[in-house]
Amino acid sequence: EENLKRQMDKAQEVVRSLELKQKLAAQQNNATVYMGIKGIKTAFLRTMQEAKKGDRYIGLFIPRVDDRLVPFFEDFTKEFCRTIGKTQMLFNEPSPELDAIRKIKGVEVKLLSEQFRVPTEVCIIGDNVLISTTAGTNFMSILIKNREMADSFRKHFELLWKISNW
């Protein structure tokens, strides 16, 4: 009888261990770095593929992007709004991208005041966060899949959205 109790205790320990591993696997976080203009496009398209109907595309600290990326972001935003959901963006400064995107149905844009302007943009779609350099010559995008991080950036966005003009 004592042997049976030990076996039951061991079995319960194994079950708890497997349940924990299953929970951790379900919450898997990862980050991938994409280099170059092609890499940035790939990172953004991957986030759209994973988006669910009703997700919102949030852009924060959007700089004046390289002219070669403006048509891509215009098409990306049109397709996102058409097939998935609403888009809200906070731009660092007036730019050709802002002019093109603000005309798209389903898009809201505002300008950040100078004190909040930074050269790296942050985009959030679902549980994905994209941190990108889309201006200059060193193009890079880091795609991070993490719900808590996405929620944190969304909160920052909401605060900045409330105090931004336009």
Side-chain angles (χ1 to χ4, degrees), residues 27-166:
Q27 297 174 353
Q28 182 181 19
N29 302 318
N30 65 45
T32 307
V33 177
Y34 297 86
M35 301 300 292
I37 288 178
K38 230 177 176 178
I40 287 173
K41 291 177 180 181
T42 300
F44 273 84
L45 292 172
R46 288 233 165 106
T47 59
M48 189 171 355
Q49 287 173 343
E50 294 179 13
K52 298 178 196 96
K53 188 85 169 156
D55 277 350
R56 187 169 46 142
Y57 170 24
I58 295 171
L60 184 58
F61 311 120
I62 309 293
R64 182 184 180 103
V65 304
D66 187 277
D67 290 340
R68 294 171 288 176
L69 284 166
V70 172
F72 169 77
F73 282 121
E74 183 178 3
D75 292 344
F76 178 88
T77 305
K78 280 180 188 172
E79 185 64 14
F80 188 92
C81 289
R82 188 180 71 73
T83 60
I84 297 169
K86 182 172 137 178
T87 295
Q88 289 180 290
M89 294 188 168
L90 287 167
F91 282 82
N92 282 346
E93 60 189 299
S95 67
E97 181 188 10
L98 176 121
D99 293 339
I101 286 176
R102 70 190 295 190
K103 297 172 188 167
I104 299 170
K105 184 179 177 184
V107 173
E108 293 179 79
V109 297
K110 286 187 177 184
L111 281 174
L112 287 165
S113 66
E114 275 188 45
Q115 70 194 51
F116 296 111
R117 293 178 184 172
V118 295
T120 305
E121 70 180 75
V122 177
C123 297
I124 306 109
I125 298 175
D127 294 341
N128 292 314
V129 176
L130 279 162
I131 301 171
S132 306
T133 56
T134 54
T137 57
N138 196 9
F139 301 102
M140 178 184 1
S141 196
I142 303 166
L143 171 56
I144 304 166
K145 298 177 184 209
N146 180 287
R147 176 174 292 158
E148 290 80 18
M149 189 177 284
D151 289 343
S152 175
F153 275 112
R154 264 190 279 279
K155 286 178 185 172
H156 286 92
F157 173 84
E158 295 302 334
L159 289 171
L160 289 170
W161 185 263
K162 287 179 186 175
I163 63 172
S164 294
N165 52 16
W166 201 6

List the atom pairs, donor and acceptor, that lie under 3.5 Å between side-chain atoms in residues 118-132 and the rest of the protein, sequence neighbours left out.
from	atom 1	to	atom 2	distance (Å)
Glu121	OE1	Thr134	OG1	2.8
Asp127	OD1	Arg147	NE	3.3
Asp127	OD2	Arg147	NE	3.4
Asp127	OD2	Arg147	NH2	3.2
Asn128	ND2	Glu50	OE1	3.1
Ser132	OG	Ser141	OG	2.7

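- Residue pairs that meet the ring-ring contact (aromatic ring centres under 6.0 Å, His included) test with at least one member in residues 121-159, sequence neighbours left out, are Phe157-Trp161.
- To the nearest 0.5 Å, atom NZ of residue Lys78 and atom CZ of residue Phe73 are 15.0 Å apart.
- Every residue was checked against the salt bridge (Lys or Arg N to Asp or Glu O under 4.0 Å) condition with Lys41, not counting sequence neighbours, and none meets it.
- Atoms OG and CD, from Ser113 and Gln115 in turn, are 4.0 Å apart once rounded to the nearest 0.5 Å.
- In terms of the side chain to side chain donor-acceptor pair (under 3.5 Å) criterion, Asp67 has no residue partners (sequence neighbours excluded).
- Side-chain contact between Thr77 and Phe72 is absent, with no heavy-atom pair separated by less than 4.5 Å.
- Legend: residues meeting side-chain contact (heavy atoms from CB on, under 4.5 Å) with Leu159, ordered by chain and number and at least two apart, are absent.
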Side-chain donor-acceptor pairs under 3.5 Å in residues 54-65, sequence neighbours left out?
from	atom 1	to	atom 2	distance (Å)
Asp55	OD2	Lys52	N	2.9
Arg56	NH1	Gln88	OE1	2.4
Arg56	NH1	Glu158	OE2	2.8
Arg56	NH2	Glu158	OE2	2.9

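- Summarising the geometry, atom OG1 belonging to Thr42 is positioned 12.0 Å from atom CD1 belonging to Ile37; distances are rounded to the nearest 0.5 Å.
- With hydrogens and angles disregarded, a donor-acceptor distance shorter than 3.5 Å links the side chain of Thr133 to the backbone of Asn138.
- The two atoms that bring Asp66 and Gly136 nearest to each other are OD2-O, 4.0 Å, heavy atoms only.
- For the pair Ser152 (side chain) and Glu148 (backbone), a donor-acceptor distance under 3.5 Å is absent.
- Annotation for Leu98 and Pro94: closest pair CD2-CA, 4.4 Å, computed over non-hydrogen atoms.
- Val33 is listed as a side-chain neighbour of Met140, based on a closest heavy-atom distance under 4.5 Å.
- Counting heavy atoms from C-beta on, the side chains of Lys103 and Ile101 never come closer than 4.5 Å.
- In this structure the side chain of Ile104 reaches within 4.5 angstrom of the side chain of Glu74, judged on heavy atoms.
- To the nearest 0.5 Å, the span separating CD on Glu114 from CD on Glu93 amounts to 9.5 Å.
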